[in-house]
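Just so you know, ligand 1 is whichever comes first in the structure, and atom 1 is the first atom listed for that ligand.
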Amino acid sequence: MKVSVDRDRCCSSGMCVTNAPDIFDQDDDDSLVRLRQTSFQPEQFDVLRLAAELCPGGAIRVVEDGEN
Ligand code: SF4
């Protein structure tokens, strides 16, 4: 699985950080999302999918293995 965040779409809601603080963080200066990790373990996949689904800005992109 690959995960990316689009800071131009992030509206700083903090939802992702609330749900997965080990994976997501917010910048101290502008509160925009940052990823804490660059690779992910299978046990994190469900929470990553949920974070992408719940993000109000559509800023989190999850690409499953085998997808483009
Ligand atoms: S849930 Fe989406 S909009 Fe909210 S901080 Fe995370 S990436 Fe940004």
Open item on the list: Short of 2.8 Å from atom 8 (Fe) of ligand 1, name each protein N/O/S atom, waters not counted.
Closed with: C10 SG
Open item on the list: Please find the pair of heavy atoms, one from V62 and one from L48, that lie closest to each other, and give the distance.
Closed with: CG2-O, 3.7 Å
TODO: Verify the neighbour count for atom CZ of R61: are there more than 12 heavy atoms of other residues, nucleotides or ligands below 6.0 Å?
DONE: no
Task: Distance (rounded to the nearest 0.5 Å) between L35 CG and S4 OG - done: 8.0 Å
Open item on the list: Would the distance check show the side chain of R36 and the main-chain N or O of P21 forming a donor-acceptor pair, the cut-off being under 3.5 Å?
Closed with: yes
- [ ] Taking all non-hydrogen atoms of both residues into account, name the closest pair between C10 and A59 and its distance.
- [x] N-CB, 3.7 Å
Task: N/O donor-acceptor pair under 3.5 Å between R9 side chain and G57 backbone - done: yes
